[in-house]
4 protein chains.
Amino acid sequence: MAGNTFGTLFAVTTFGESHGPAIGCVIDGCPPGVEIAPADFVADLERRATGKSRHTSQRREADEVEILSGVYQGRTTGTPIALLIRNTDARSKDYSNIEETFRPGHADYTYWQKYGIRDPRGGGRSSARETTMRVAAAVIAKRWLAEHYGIRVRAYLAQLGEWKPRAIDWEVVEDNPFFWPDAEMVGQLEEYMDSLRKSGDSVGARVTVVAEGVPVGWGEPIYGKLDAELAAALMSINAVKGVEIGAGFDSVCQLGTEHRDEITPEGFLSNNAGGILGGISSGQDVICSIALKPTSSLRLPGRSVNKAGEIVEVVTKGRHDPCVGIRATPIAEAMVALVLMDQALRHRAQCADVGPQHPLIPSQA
Amino acid sequence: MAGNTFGTLFAVTTFGESHGPAIGCVIDGCPPGVEIAPADFVADLERRATGKSRHTSQRREADEVEILSGVYQGRTTGTPIALLIRNTDARSKDYSNIEETFRPGHADYTYWQKYGIRDPRGGGRSSARETTMRVAAAVIAKRWLAEHYGIRVRAYLAQLGEWKPRAIDWEVVEDNPFFWPDAEMVGQLEEYMDSLRKSGDSVGARVTVVAEGVPVGWGEPIYGKLDAELAAALMSINAVKGVEIGAGFDSVCQLGTEHRDEITPEGFLSNNAGGILGGISSGQDVICSIALKPTSSLRLPGRSVNKAGEIVEVVTKGRHDPCVGIRATPIAEAMVALVLMDQALRHRAQCADVGPQHPLIPSQA
Amino acid sequence: MAGNTFGTLFAVTTFGESHGPAIGCVIDGCPPGVEIAPADFVADLERRATGKSRHTSQRREADEVEILSGVYQGRTTGTPIALLIRNTDARSKDYSNIEETFRPGHADYTYWQKYGIRDPRGGGRSSARETTMRVAAAVIAKRWLAEHYGIRVRAYLAQLGEWKPRAIDWEVVEDNPFFWPDAEMVGQLEEYMDSLRKSGDSVGARVTVVAEGVPVGWGEPIYGKLDAELAAALMSINAVKGVEIGAGFDSVCQLGTEHRDEITPEGFLSNNAGGILGGISSGQDVICSIALKPTSSLRLPGRSVNKAGEIVEVVTKGRHDPCVGIRATPIAEAMVALVLMDQALRHRAQCADVGPQHPLIPSQA
Amino acid sequence: MAGNTFGTLFAVTTFGESHGPAIGCVIDGCPPGVEIAPADFVADLERRATGKSRHTSQRREADEVEILSGVYQGRTTGTPIALLIRNTDARSKDYSNIEETFRPGHADYTYWQKYGIRDPRGGGRSSARETTMRVAAAVIAKRWLAEHYGIRVRAYLAQLGEWKPRAIDWEVVEDNPFFWPDAEMVGQLEEYMDSLRKSGDSVGARVTVVAEGVPVGWGEPIYGKLDAELAAALMSINAVKGVEIGAGFDSVCQLGTEHRDEITPEGFLSNNAGGILGGISSGQDVICSIALKPTSSLRLPGRSVNKAGEIVEVVTKGRHDPCVGIRATPIAEAMVALVLMDQALRHRAQCADVGPQHPLIPSQA
């Protein structure tokens with residue numbers, strides 16, 4: 001209830017502050033028999049890592065995952081899997097100034113009001129550092145989903161400020177520091193990001209996640225709908241201000257004849273639904289997008305108040321992203337995987353005996 | 001886990017199919033002492049009711065709420081409150097055709113695949129009829145929120161197809177059949193709706209909900225964030241394809257200096273955040289918007305398949321809305337109220353001793 | 001969280017007060033395809049019913065179950081099943097005296113203190129009338145468990161005051177008003193009960209439940225252990241003051257060599273464990289017992305206080321059981337069935353791929 | 001749902017295997033502002049520790065608690081508190097024999113059947129080592145309960161085999177290795193335990209927990225009753241086979257006039273209820289007892305089978321308790337504290353505005 005657990009049957013509880021001794025998570029409900037080792041986390045944590053390129057935050061954490069429990073002889077045992085990452089890079093510096101001031105766009109003021117106390121070091125619990133554990137937990141979920149259903153969850157940066165890709169090429173997404181699906185534009189984006197960094201300002205972004213291979217039938221209506229759970233999962237990511245499924249807000253201007261995805265024996269003729277009908281997966285690709293606000297921590301001074309209610313000027317120095325949206329890409333991917341994992345287990349609890357009934361409508365015509 | 005309960009401490013479990021004997025809900029966790037009587041539900045159910053005007057579905061249900069439990073001498077007792085509405089208008093007709101066919105844009109196919117069986121009468125469980133109970137439950141929540149915190153939750157139709165209001169005037173929202181905030185445009189909308197109805201097509205819409213008076217400090221980070229819960233709540237409404245908090249998808253193109261809501265001792269200078277920072281309410285108005293897809297049931301024929309995998313043509317006859325988004329307005333309002341109610345109780349469980357700390361930042365400069 | 005829901009994946013939420021308009025429940029998570037009709041509830045509700053014989057309470061309720069949702073063409077659809085029973089026998093009488101007085105051994109005082117308000121009519125929510133819905137929900141659970149695993153859950157009265165059966169004969173349990181397993185003693189019990197009734201006093205009882213056919217592997221360690229869930233389920237029954245699994249409190253005086261159930265290829269050599277090891281079913285019979293306190297409502301006057309803090313004398317007139325333990329028998333059976341049902345679904349969520357591994361240890365040598 | 005979380009609003013998730021790298025827990029929902037430091041755990045962990053005396057297991061763990069999160073400048077912040085203890089004493093030895101064999105009275109067989117894989121080292125997850133984290137979490141709960149309500153939770157060994165204390169003297173409970181409340185008998189018990197150890201056998205025990213100062217009104221009827229939650233909590237402790245509230249199984253032979261706790265303006269005249277009426281605390285002492293089975297691991301050979309289904313003889317060598325019940329004493333105390341903590345938060349969520357209403361019935365006449 002206090003909000004640090006995600007999922008019900010594949011339940012991930014995270015803990016840790018940005019500059020505390022460690023961050024970690026406990027995964028309860030993972031099916032037994034999944035092969036997992038510390039090395040399996042490296043690639044995805046590296047993708048999420050701050051400091052990946054000059055275009056994201058300069059912080060460098062080793063982010064070495066220690067498996068504390070739930071794995072025996074390289075395989076999960078069905079008992080809780082605890083993962084731990086020590087915060088090696090937490091510089092001990094003077095936070096007394098930050099402690100008294102509420103940075104605009106941050107959770108400083110709200111945490112203080114809610115709890116009467118807050119850990120100001122690096123954003124404390126509200127830091128995006130917490131998302132490391134989402135990515136780690138999703139490594140296990142993605143493996144299970146791939147092995148059991150051939151599901152593949154991927155994400156790309158779908159917009160950076162006004163910039164939109166002119167092509168969606170999955171091949172190049174992981175080959176540039178922006179998770180950008182259009183190779184030809186990468187140079188332009190680099191220039192834009194450099195100019196942003198120079199100006200001291202930041203910009204928003206949009207990320208799209210696509211899950212292929214999701215079988216028909218997942219999702220628990222009415223309130224545990226697949227799209228409702230995706231919306232919560234994605235909105236819980238730092239800086240997210242909007243979530244879309246399929247056509248999303250474009251649906252507002254669509255006509256019914258345009259939006260409804262007609263069906264033929266060869267498959268659906270379109271996918272405005274984003275692979276979800278009535279809260280249940282349809283067998284099509286599950287597609288969702290999120291809006292990320294621009295980084296709030298800026299070199300350009302902003303007005304605020306301190307605990308005494310006095311006017312203060314806030315200027316952020318040091319390492320920060322001009323676009324937090326970029327590294328949200330693997331995090332969004334992770335959250336979609338966690339939702340699917342949970343729904344997979346929930347589905348087989350209630351409907352293990354049912355399963356898809358033929359003739360199946362193929363995923364796409 | 002099977003998804004028919006909303007909320008954790010103010011937990012609303014709904015039941016019932018569109019054309020079954022009844023729909024209802026059980027509210028568990030309502031604080032004792034709230035005055036409530038059957039008459040209190042009439043106004044809001046009427047607002048949501050199909051058949052309110054010629055611009056929404058022609059179905060007419062009495063929607064009389066019976067209070068089965070949890071209320072003694074006109075006040076809630078802290079025990080579960082069961083509400084029941086008999087389905088008086090469920091015409092017994094032949095559903096054998098619908099039973100075999102999967103309507104495009106509906107949950108027919110996915111329910112059948114998930115459960116191996118489905119109640120085809122009027123959409124069964126996936127019908128928007130279920131949302132009646134959300135509105136009913138929210139009547140109690142809104143009363144409690146108003147009495148304890150002076151909170152007011154309201155909603156308006158913020159877009160209908162390409163039409164956008166040129167003014168936001170709360171005074172007129174409840175005075176026209178569209179929940180439209182711009183009185184001067186109502187005539188145009190009526191014409192547009194009539195033309196849509198004539199054409200047999202439908203259109204999408206956008207609804208905005210504003211909650212005033214929400215105290216600073218509500219929301220349970222990390223996964224129970226106020227915005228995450230709002231996203232799930234709103235996405236769970238039938239036909240919703242997108243959710244925004246505050247600036248929403250406009251954040252993508254904003255610069256950091258533009259988006260971050262600066263603070264002065266007189267209050268926040270803007271509200272791009274939509275009243276939520278780090279998943280916790282800031283004391284500003286909580287603002288969220290949703291995108292609703294156009295009605296899928298159309299007089300214009302659409303292609304689909306039946307259970308045998310054969311090509312069929314689907315044509316919807318009888319009563320249906322050309323824009324389901326309109327009557328989603330009071331439903332969205334209800335869901336926001338339910339989220340706030342739940343967060344209120346969760347907040348006082350953990351932080352009853354804390355409360356807002358002065359100097360408070362005023363809601364708006 | 002407010003406590004009116006039992007179970008997690010087969011979640012039963014009950015509502016209703018003893019003398020309110022109705023009692024009912026919503027079952028969320030029932031697998032689709034279970035055949036169920038109103039007539040299926042008759043037998044078990046009759047077993048639980050007050051008024052079954054002169055040895056239990058004289059109240060007579062029709063207890064006709066109406067199925068409001070979740071069943072289509074005689075089979076469950078996977079959507080919530082709402083069951084409703086109208087309180088036809090609720091006499092409108094003057095409760096003003098009871099309203100002011102706290103009956104010893106009842107929840108009058110504690111409900112009033114907790115909620116500041118209570119429905120005094122017939123015990124309100126704290127009445128054993130609520131257990132009717134547990135029995136009703138368990139009818140569905142027992143059917144599913146029987147069909148899928150051949151599980152049979154039965155219970156008998158294992159002690160009535162000082163009286164203990166000299167034989168356990170399942171054949172006779174349902175053939176006498178005491179669920180007594182020893183036919184030869186029934187006459188003596190009748191005499192004893194008559195004498196109790198004459199004296200105006202009451203007595204405690206002990207009930208034993210046996211579940212046969214439970215497969216090895218059910219139960220969720222550490223806190224969702226099968227025995228922990230059974231303990232909660234059984235302790236939640238009105239008047240229960242103790243729960244035992246297997247040898248229970250006899251274990252205190254046993255030696256390890258005596259208690260541990262040795263194993264041979266032909267099966268376990270004893271069942272002190274009550275069919276549960278480490279919180280997980282072992283494949284042996286699951287056996288548990290409960291202690292029930294004597295009825296608190298007596299014709300013999302008892303001392304108490306009223307809301308004004310004044311001394312009052314409490315005398316109960318009218319219909320009440322001299323031994324509430326008797327009719328707890330089918331209720332205890334029902335709760336064990338509900339626990340098993342829930343654990344069955346939880347097990348297949350996490351371990352659907354595993355299943356019992358041969359060679360199985362047979363249930364009993 | 002997978003069972004490793006205890007509590008709903010003060011939610012403790014434990015992880016770790018007996019001989020894995022570490023054990024730990026995450027506490028989510030702890031109110032902010034509680035002072036806590038690693039040193040605060042020492043005393044209670046020492047009480048629970050194996051190796052406290054020659055009468056319990058000889059294993060020696062440092063059991064140093066590291067606080068990984070949720071505490072800033074010595075006070076809880078409202079964010080999750082992660083506690084970690086490294087398993088320093090886990091000897092690397094050959095477990096291949098144990099891996100193939102199912103020890104009678106242990107969870108070896110059931111874990112293997114449930115999960116298809118198990119960590120055999122020292123009992124893996126089913127080891128009582130897990131209970132260390134319950135005691136650690138309860139340190140925080142007990143502090144909060146004491147500070148906010150003056151609640152004190154204590155426990156003593158109420159029976160050891162056939163031995164029962166002739167006096168209950170709280171002063172001496174913590175002064176002997178048996179948590180025995182009768183100083184004069186300690187010498188006899190030592191002799192008895194030595195003889196047991198020599199014989200290679202073990203014996204059961206009974207532990208009683210008393211919580212003083214619990215205010216009237218805690219507990220969530222119907223299924224979240226205080227006694228139901230206590231039953232689950234206590235039954236989840238390793239080796240527990242029975243739970244009693246108040247008079248417990250003695251209620252079976254009591255008459256109603258004997259059992260019902262009459263009330264006077266000076267207080268209740270007895271406490272057969274164990275401080276709970278209708279599942280809600282009455283303001284009297286909350287009293288519960290548990291039965292613990294004798295240790296299953298014995299030097300005396302026992303019959304069993306191995307994975308191949310062959311007959312094997314099981315003999316336990318090395319460190320083990322002749323009576324596991326003794327060290328269950330602080331664990332039972334811890335579980336009662338965790339239940340009360342959770343109910344305290346749940347109560348104030350729903351009934352914060354109500355509070356006890358005068359005139360209160362005093363705890364005891």
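These numbers come from a predicted model, not from an experiment. Chain A is the first sequence line, chain B the second, and so forth, proteins listed ahead of strands; every chain is numbered from 1.
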How far apart are the C-alpha atoms of B/Y115 and C/T77, what are their side-chain angles, what is the distance that settles it, and do they pass the side-chain contact (heavy atoms from CB on, under 4.5 Å) test?
CA-CA 7 Å; B/Y115 298 114; C/T77 61; 5.8 Å; no
Contacting moiety of [X], where chain B heavy atoms sit under 4.5 Å:
X      : answer
C/A11  : neither
C/Y111 : side chain
C/R75  : both

Indicate yes or no for a side-chain donor-acceptor contact from C/D28 to the backbone of B/N4 under 3.5 Å, with no hydrogens or angles considered.
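Present.
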Name the member of [options] that forms the most heavy-atom pairs with chain B at distances under 4.5 Å.
options                    : value
C/E99, C/K114, C/R118      : C/E99
C/T8, C/I117, C/T5, C/I23  : C/I117
C/G33, C/A82, C/G29, C/C25 : C/A82

Verdict with reasoning, C/Y72 to B/R125, per side-chain contact (heavy atoms from CB on, under 4.5 Å):
CA-CA 11 Å; C/Y72 179 64; B/R125 180 70 181 149; over 6 Å; no
Is C/E147 atom CD crowded by more than 12 heavy atoms from other residues, nucleotides or ligands, each under 6.0 Å away?
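Yes - once you tally the heavy atoms of other residues, nucleotides and ligands closer than 6.0 Å, there are more than 12.
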Would you mind telling me which of B/T79, B/L68, B/V71 makes a side-chain contact (heavy atoms from CB on, under 4.5 Å) with C/E17?
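For C/E17, the side-chain contact (heavy atoms from CB on, under 4.5 Å) test succeeds with only one of B/T79, B/L68, B/V71, which is B/T79.
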Identify the two heavy atoms, one from B/P21 and one from C/I67, that lie closest to each other, and give their separation to 0.1 Å.
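For B/P21 and C/I67, the tightest heavy-atom pair comes out as CG-O, 3.8 Å.
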